[in-house]
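This report refers to the structure that appears directly beneath it.
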Amino acid sequence: MNCSARRCNTLPFQSILFSSHPHYICNVPDHIIIAIDGYSSSGKSTLAKQLAKALRFEYVDSGAYYRAVTYYFLKEELDWSDLNQVSRALQNIRVDFHFDAESNECQTWLNGTDVEKEIRLLEVSNTASKVSAVPAVREFVTEQLRNLAKEKNLIMDGRDIGTVVFPHADLKIFMIADPKVRSERRYKEMKGKGSDVSESQIEKNLSGRDELDTTRPTAPLKQADDAVVLDNSTMTRAEQFNFALQLVNERLRHSLDKQHVRK
Ligand code: DC
């Protein structure tokens with residue numbers, strides 16, 4: 001039983017999922033998956049963390065997994081186009097996530113070391129789309145991501161979560177935003193973290209990653225047929241959160257009804 005269900009187990013099975021307070025969720029069946037996919041800097045992780053905190057679901061940033069693998073290749077000066085080097089490297093990579101729903105902070109660990117700062121460097125951002133296009137890397141990461149989801153209510157964001165990693169996710173959201181808006185957001189975020197980058201570097205990085213992510217042969221970024229599109233170009237964080245929460249409420253009710261009929 002997950003912690004959300006434990007917290008509310010005195011309520012009747014089909015009670016209303018949410019009280020008027022969005023941080024309170026009741027009688028959620030085990031193992032609900034919410035997949036959030038979309039373009040770089042479209043606000044996926046912001047939304048995923050907002051929802052994870054409100055619903056008390058675990059949050060997994062699948063991009064951080066690919067970034068950690070990429071960081072390993074860069075650090076060890078490995079060639080990701082060499083299949084032997086790739087397969088040896090993958091045997092030596094262990095990635096863990098430490099997510100604290102209260103603080104909304106997520107740390108990525110690579111082989112026992114916190115690499116959260118390192119994996120956000122522009123060099124890693126520039127290389128991650130290339131490393132993540134390698135089929136063996138995708139196969140490895142996909143399996144690890146699926147393992148993370150076992151018996152957990154989970155929100156995962158990325159590029160292929162609703163199409164490949166969890167094609168049967170309970171809710172799929174596909175996030176889009178105007179490229180100019182995305183670059184500005186990313187620039188502000190990087191500057192806020194003290195990074196010495198120019199706006200044109202960011203624009204170049206985002207358009208390059210969009211191109212590689214959408215055109216790679218294996219698991220390209222694309223909208224799942226059953227995903228709900230969320231264009232947040234002109235939305236505030238609160239507006240996008242409310243939009244998504246409404247969707248979650250509808251889909252979880254549906255999951256509960258189905259489970260009730262089976263019993
Ligand atoms: O979400 P992000 O920008 O941190 O992701 C980093 C890179 O990882 C991105 O350029 C594409 C890749 N990625 C992927 O191919 N599949 C995913 N599910 C998540 C990320």
Side-chain angles (χ1 to χ4, degrees), residues 33-49 52 59-74 80 86 90 93 95 97 99 105-108 110 115-149 154-167 169 172-177 179 182-183 185-187 189-190 193 195 197 201-224 227 230 232:
I33 307 273
I34 300 174
I36 303 182
D37 288 304
Y39 292 88
S40 297
S41 297
S42 57
K44 300 183 298 292
S45 69
T46 300
L47 178 64
K49 286 182 193 174
Y59 164 59
V60 173
D61 172 0
S62 70
Y65 213 117
Y66 284 102
R67 284 170 180 270
V69 171
T70 302
Y71 178 63
Y72 183 88
F73 274 84
L74 289 171
W80 52 86
V86 170
L90 295 178
I93 290 176
V95 176
F97 294 113
F99 178 64
E105 291 301 322
C106 186
Q107 258 90 39
T108 309
L110 171 65
V115 292
E116 186 55 39
K117 272 210 184 90
E118 290 80 352
I119 64 167
R120 305 294 162 190
L121 295 172
L122 198 59
E123 190 190 4
V124 176
S125 301
N126 281 333
T127 315
S129 285
K130 296 173 196 148
V131 174
S132 62
V134 177
V137 170
R138 297 210 71 81
E139 204 179 304
F140 169 79
V141 176
T142 298
E143 194 188 335
Q144 304 299 318
L145 294 174
R146 286 182 182 148
N147 286 340
L148 286 173
L154 188 89
I155 300 184
M156 192 177 285
D157 71 352
R159 306 292 190 288
D160 64 339
I161 309 307
T163 49
V164 174
V165 182
F166 298 117
K172 301 177 188 177
I173 300 176
F174 191 76
M175 292 187 65
I176 58 172
R182 290 192 281 134
S183 298
R185 280 184 196 149
R186 186 82 182 140
Y187 177 68
E189 187 191 331
M190 300 282 281
K193 286 180 182 166
S195 183
V197 286
Q201 274 178 307
I202 297 285
E203 269 178 39
K204 213 170 142 207
N205 170 256
L206 288 190
S207 61
R209 287 163 69 193
D210 285 354
E211 172 71 14
L212 286 171
D213 292 345
T214 50
T215 57
R216 68 176 172 233
T218 312
L221 165 65
K222 66 173 183 193
Q223 185 193 331
L230 197 174
N232 64 12

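Below, each value reflects all heavy atoms present in this structure, side chains not excepted, and no hydrogens, waters or symmetry copies. Ligands are counted one by one from 1 in listed order, and the atoms in each one are counted from 1 as well.
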Heavy-atom closest pair (Val137 atom, Val86 atom, distance to 0.1 Å) is CG2-CG1, 4.0 Å
Contact region, Met156 to ligand 1, non-hydrogen atoms below 4.0 Å, reads neither
Item to complete: Show your working on side chain to side chain contact (heavy atoms under 4.5 Å, CB included) between Arg185 and Asn232 and close with a plain yes or no.
Response: CA-CA 12 Å; Arg185 280 184 196 149; Asn232 64 12; 3.3 Å; yes
Closest to atom 12 (C) of ligand 1 by heavy-atom distance, out of Ser129, Gly162, Ser45, Ser132, is Ser132
In ligand 1, the atoms that come under 4.0 Å of a heavy atom of Asp160 are 16 (N), 17 (C), 18 (N)
- Does Phe97 offer a backbone N or O that forms a donor-acceptor pair with the side chain of Thr108 under 3.5 Å? no
Result for side-chain contact (heavy atoms from CB on, under 4.5 Å) between Tyr71 and one of Ile119, Val131, Val95, Ile93 points to Ile119
Review point. Can you tell me if Asp213 uses its side chain to pair, donor with acceptor, with the backbone of Ser129 under 3.5 Å?
Key: no
Restricting to heavy atoms, the pick from Arg159, Lys44, Arg120, Arg67 nearest atom 1 (O) of ligand 1 would be Arg159
Numbered in order shown, the ligand 1 atoms found under 4.0 Å of a heavy atom of Ala128 are 7 (C)
With heavy atoms and a 4.0 Å threshold, my read on which part of Leu221 contacts ligand 1 is neither
Practice problem: With side chain to side chain donor-acceptor pair (under 3.5 Å) as the test, would you mind laying out the steps for Arg159 and Ser40 before giving the verdict? | Solution: CA-CA 9 Å; Arg159 306 292 190 288; Ser40 297; 2.9 Å; yes
So the atoms of ligand 1 within less than 4.0 Å of a heavy atom of Asp213 turn out to be 9 (C), 10 (O), 11 (C)
Closest to atom 6 (C) of ligand 1 by heavy-atom distance, out of Arg138, Lys130, Arg209, is Arg209
Fill in: Any N/O pair Tyr66/ligand 1 closer than 3.5 Å
no
At under 4.0 Å between heavy atoms, what of Ile161 touches ligand 1? The answer is side chain
Check: Arg67/Ser132 side-chain N/O donor and acceptor closer than 3.5 Å: no
Do the charged groups of Asp210 and Arg182 touch, with an N to O distance under 4.0 Å? yes
In terms of its nearest heavy atom to atom 5 (O) of ligand 1, the top option of Gly63, Ser62, Ser42 is Gly63
